Amino acid sequence: MSAAADAAPAATHDVARGTRFARLAQRNGALIVLVLVAVVGAVTFESFATGENLRNILAQNAFLAIVACGMTLVILTGGIDLSVGSVLALGGVLAAIGSEAGPLGALALPVVACGAIGLAQGLLIGRVGLAPFIVTLAGLLGVRGLVLLLTDEGADTPRIAGESAFTSLGRDELLTLPMPVWIALAVFGIAGIVLWRTGFGQSLFALGASEQASQLMGLNVTRPKVIVYVISAVLAGLAGALLAARSSSGVPTVGSGLELEAIAAVVIGGTLLTGGAGSLSGTLAGVLLLGVIQNLINQVGDLNSSYQAVVSGAFLAVVVIVQTYLSRKQRL
């Protein structure tokens, strides 16, 4: 009898320890893998750990990070936003067009227009009750078509003439880091405060965990849904505007497939596709991990971009399997 009594607490302790480990691995797995991959890259390639290469990795992934930040908020609610790549392209084109009215027009036009698109999608999802996948897929196709209409099927690419305060946002550096990197960090910092220090942020977790339970608790489930799609679209438009500032033009073909990269970064960072659990720090680690992997593939020199897609896809598949296992482990 005493042996059985002693075994029960021990088994309970093991289960609790396993649950804690699963939760820790899910939240910090991307960061741990990022450090390991970076160490391997530094040992294998002499040029990997140089300041110039690390700055390139940060600069190239700053735009994806901004988009992935908004995507994290959407996925936390159990939704998805497939339109961000097209919205980014629209933001770049509108920024180039708006630059004729000065720096303020170059920023205001894409942010307001893209925010309106996010509002329309959010209302269809949150108020009308349509499926996020269908609504944002329609947005992906419709917004891309709008971009092509504005640029005469890509033949008339709007350009930003000369230097201005707007172009400096995409080209200048502060403390050796490009401005888009600082803007991305600011976006994550503000989003982190909203997510963890406000009732709105906590409502996103509750909504993703169980919409029905959230309604029973008296939460307004419509408003958070609408807001996260507006935020996602605004951030995608902002990223497009910054990309246009960096390249001095609004390229209509940019952003193709970006929605998949953003979703991959969010999932790799530990946010569950079903919603209710995740973190912005994990998403940031996921973005950097994808960027480091692509950079290491480029370091090899003989591999083309197809290998990047294969490696990223295989890596994402492994992560989803592991995340599913860890999620089930926590529920045991």
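A quick note: this is a predicted structure, and the numbers were derived from the prediction, not measured. Note that the numbering runs from 1 along the sequence shown for the chain.
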Checklist entry - Are V67 and L204 connected in the hydrophobic side-chain network, where two residues link if heavy atoms are under 4.5 Å apart? => result yes
Checklist entry - Which residues satisfy the side-chain contact (heavy atoms from CB on, under 4.5 Å) test with R246, sequence neighbours excluded? => result A59, F63, P178, P180
To the nearest 0.5 Å, how far apart are [atom1] in [X] and [atom2] in [Y]?
{"X": "L207", "Y": "N220", "atom1": "CG", "atom2": "CG", "result": "10.0 Å"}
{"X": "R55", "Y": "L177", "atom1": "CZ", "atom2": "CG", "result": "7.5 Å"}
{"X": "I190", "Y": "L195", "atom1": "CD1", "atom2": "CG", "result": "13.5 Å"}

Decide yes or no for [X] and [Y]: does some side-chain heavy atom of the first lie under 4.5 Å from some side-chain heavy atom of the second?
{"X": "F166", "Y": "I160", "answer": "yes"}
{"X": "T283", "Y": "I268", "answer": "no"}
{"X": "L90", "Y": "I117", "answer": "yes"}
{"X": "L290", "Y": "N61", "answer": "no"}
{"X": "I193", "Y": "F188", "answer": "no"}
{"X": "V230", "Y": "V234", "answer": "yes"}
{"X": "F200", "Y": "R223", "answer": "no"}

Checklist entry - What pairs with E173 under salt bridge (Lys or Arg N to Asp or Glu O under 4.0 Å), at least two apart in sequence or on another chain? => result none
Checklist entry - Is it true that R159 and E100 have a side-chain N and a carboxylate O under 4.0 angstrom from each other? => result no
Item to check | Distance-minimising heavy-atom pair for G41 and L296 | outcome: CA-CD2, 3.6 Å
Give the table of side-chain donor-acceptor pairs shorter than 3.5 Å for residues 73-88, with sequence neighbours excluded, one pair per line with atom names and distance.
from : atom 1 : to   : atom 2 : distance (Å)
T77  : OG1    : V74  : O      : 2.5
D81  : OD1    : S83  : N      : 3.0
D81  : OD1    : S83  : OG     : 2.6
D81  : OD2    : S232 : OG     : 2.8
S83  : OG     : Q121 : OE1    : 3.4
S83  : OG     : Q121 : NE2    : 3.2
S86  : OG     : L140 : O      : 2.7

Item to check | Flag, side chain of T167 to backbone of E163, donor-acceptor distance under 3.5 Å | outcome: no
Next on the checklist: Using a 3.5 Å distance criterion without hydrogens, assess whether the side chain of S210 forms a donor-acceptor pair with backbone atoms of A213.
Outcome noted: yes
Item to check | CG (L104) with more than 12 external heavy atoms under 6.0 Å | outcome: no
Next on the checklist: Could you go through N295 and Q299, starting from their C-alpha distance and side-chain angles, then the distance that decides it, and tell me whether this counts as side chain to side chain donor-acceptor pair (under 3.5 Å)?
Outcome noted: CA-CA 6 Å; N295 185 266; Q299 295 279 342; 3.3 Å; yes
Item to check | Donor-acceptor pair between S249 and T157 side chains, under 3.5 angstrom | outcome: no
